[in-house]
Amino acid sequence: KGLAEKEVEADKVTWPILIKETGNDLPTLYENIANKQSKIKKFLLESGLSHKEIAVNASSVVDMDAERYSNNVKPYRYVITAVMTVTSHNVSLVRKIMARQGELLKQGIAIVGGDYENPTVYEYVSFTSMKPKMMEEAIQNAEKTAQQFATNSHSTLNKIVTADQGQFSIDNRDQNTPWIKKVRVVTTITFSLKD
């Protein structure tokens, strides 16, 4: 078996920006959401993002009076959730903007933290360009291991009998730095030995 591993920085980020409004008057709530979205978009554009990197999704409304499992003891009837999505290949810029979200709080805009339904996703999409080099490294490592077996058994390494490329995996290096990816491949090669 031959292993090749590399740590790389993500080259694409998808950041959902959630805002919520609660109250009893739908038109007012929609107006508040629209104003907040406008301010967020202005903040994002002034921070260096382009219009094509920002998408505004349709808002969703929950009517607490219509909720089957709610006795609605809350002081409001409606909850509106709006999502704006930033998709960019400039990961470092987006991370800097995320760190400056407090500037929006000063304008009365609280961004809801990404939950399991709307997490920030970091990807490594340039993977195909590094694949040949990693395969070469994995094959060389497999050959070194096979050579060691041959030496230990007083044999000579012969031809490849079978070869399995194996699967590439791309995972977060750890849970605290999801923008750093670990790319890994394990290849399996069977060599024949001769005396």
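For Asp164 and Thr188, the side-chain atoms include no donor-acceptor pair closer than 3.5 Å. Side chains of Lys181 and Asn172: a donor-acceptor N/O pair is present below 3.5 angstrom, by distance only. Side-chain polar atoms of Thr177 and Asp174 form a donor-acceptor pair below 3.5 angstrom.
Screening Val62, Leu29, Thr28 against Tyr78 for a side-chain contact (heavy atoms from CB on, under 4.5 Å) leaves a single residue, Leu29. Under the side-chain contact (heavy atoms from CB on, under 4.5 Å) rule, Ser192 has a single partner from Val161, Thr156, Leu157, Ile160, which is Val161.
Between Asn35 atom CG and Gln107 atom CD the span is 11.5 Å, to the nearest 0.5 Å. Residue Met98 holds its CE atom at 3.5 Å from OG1 of Thr120, rounded to the nearest 0.5 Å. Between Asn57 atom CG and Thr85 atom OG1 the span is 4.0 Å, to the nearest 0.5 Å. We find the CD-CD1 distance between Gln101 and Ile17 to be 7.0 Å, quoted to the nearest 0.5 Å. Here the straight-line distance linking atom NZ of Lys6 with atom CZ of Arg184 works out to 13.5 Å at 0.5 Å rounding. In this structure, CD in Glu9 is found 12.0 Å from OG in Ser126, a value given to the nearest 0.5 Å.
Cluster annotation: Val79 is not connected to Met84 through the hydrophobic network of ILVMFWY side chains, with a link wherever side-chain heavy atoms come within less than 4.5 Å. In this structure, Ile170 is a member of the same hydrophobic cluster as Val8, with clusters built from ILVMFWY side-chain heavy atoms closer than 4.5 Å. When the side chains of ILVMFWY residues are joined at heavy-atom separations under 4.5 Å, either directly or via intervening members, Val83 and Ile109 end up in two distinct hydrophobic clusters. There is a path of hydrophobic side-chain contacts, each under 4.5 Å, that joins Val183 to Met135. Following chains of ILVMFWY side-chain contacts shorter than 4.5 Å, one cannot reach Leu18 starting from Tyr122, and the two form parts of different hydrophobic clusters.
Side-chain N or O atoms of Thr151 include one that pairs as donor or acceptor with a backbone N or O of Gln147 at under 3.5 Å. When atom types are taken as modelled, the side chain of Asn118 and the backbone of Pro16 share no donor-acceptor pair closer than 3.5 angstrom.
Looking only at side-chain heavy atoms (C-beta outward), Met130 and Tyr124 come within less than 4.5 Å of each other. Between Ile97 and Phe43, the closest side-chain pair of non-hydrogen atoms falls below 4.5 Å. Contact of the Ile19 side chain with the Gln37 side chain is registered, since non-hydrogen atoms from C-beta on lie closer than 4.5 Å. In this structure, Glu137 and Val185 have side chains that are not in contact, with every pair of non-hydrogen atoms separated by 4.5 Å or more. Annotation: side chain of Val86 is not in contact with side chain of Val13 (no heavy-atom distance under 4.5 Å). Residues Glu136 and Lys133 form a side-chain contact, since some pair of their non-hydrogen atoms from C-beta on lies under 4.5 Å apart. Glu123 is listed as a side-chain neighbour of Thr14, based on a closest heavy-atom distance under 4.5 Å. A 4.5 Å side-chain heavy-atom check between Lys1 and Thr145 finds every atom pair outside the cut-off.
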For this session: For Glu7 and Ile180, run side chain to side chain contact (heavy atoms under 4.5 Å, CB included): C-alpha distance rounded to whole Å, both residues' side-chain angles, the deciding distance at 0.1 Å, then the answer.
Result: CA-CA 7 Å; Glu7 279 190 6; Ile180 299 176; 4.2 Å; yes
For this session: Check the pair Phe191, Glu143 against side chain to side chain contact (heavy atoms under 4.5 Å, CB included), reporting the backbone distance first and the verdict last.
Result: CA-CA 8 Å; Phe191 291 91; Glu143 190 172 356; 4.1 Å; yes
For this session: With side chain to side chain contact (heavy atoms under 4.5 Å, CB included) as the test, would you mind laying out the steps for His89 and Val125 before giving the verdict?
Result: CA-CA 9 Å; His89 290 282; Val125 295; 4.0 Å; yes
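The two atoms that bring Ser47 and Leu93 nearest to each other are O-CD1, 3.3 Å, heavy atoms only. Smallest separation of non-hydrogen atoms from Ser88 and Val94: CB-CG2, 3.7 Å. Between Val91 and Trp179, the shortest heavy-atom contact is CG1-CB, 4.4 Å. The shortest non-hydrogen separation linking Asn24 to Arg77 is OD1-N, 2.7 Å. When every heavy atom of Ala82 is checked against every heavy atom of Ile33, the shortest pair comes out as CB-CG2, 3.7 Å. Between Leu3 and Asn141, the closest heavy-atom pair is O-ND2, 2.6 Å.
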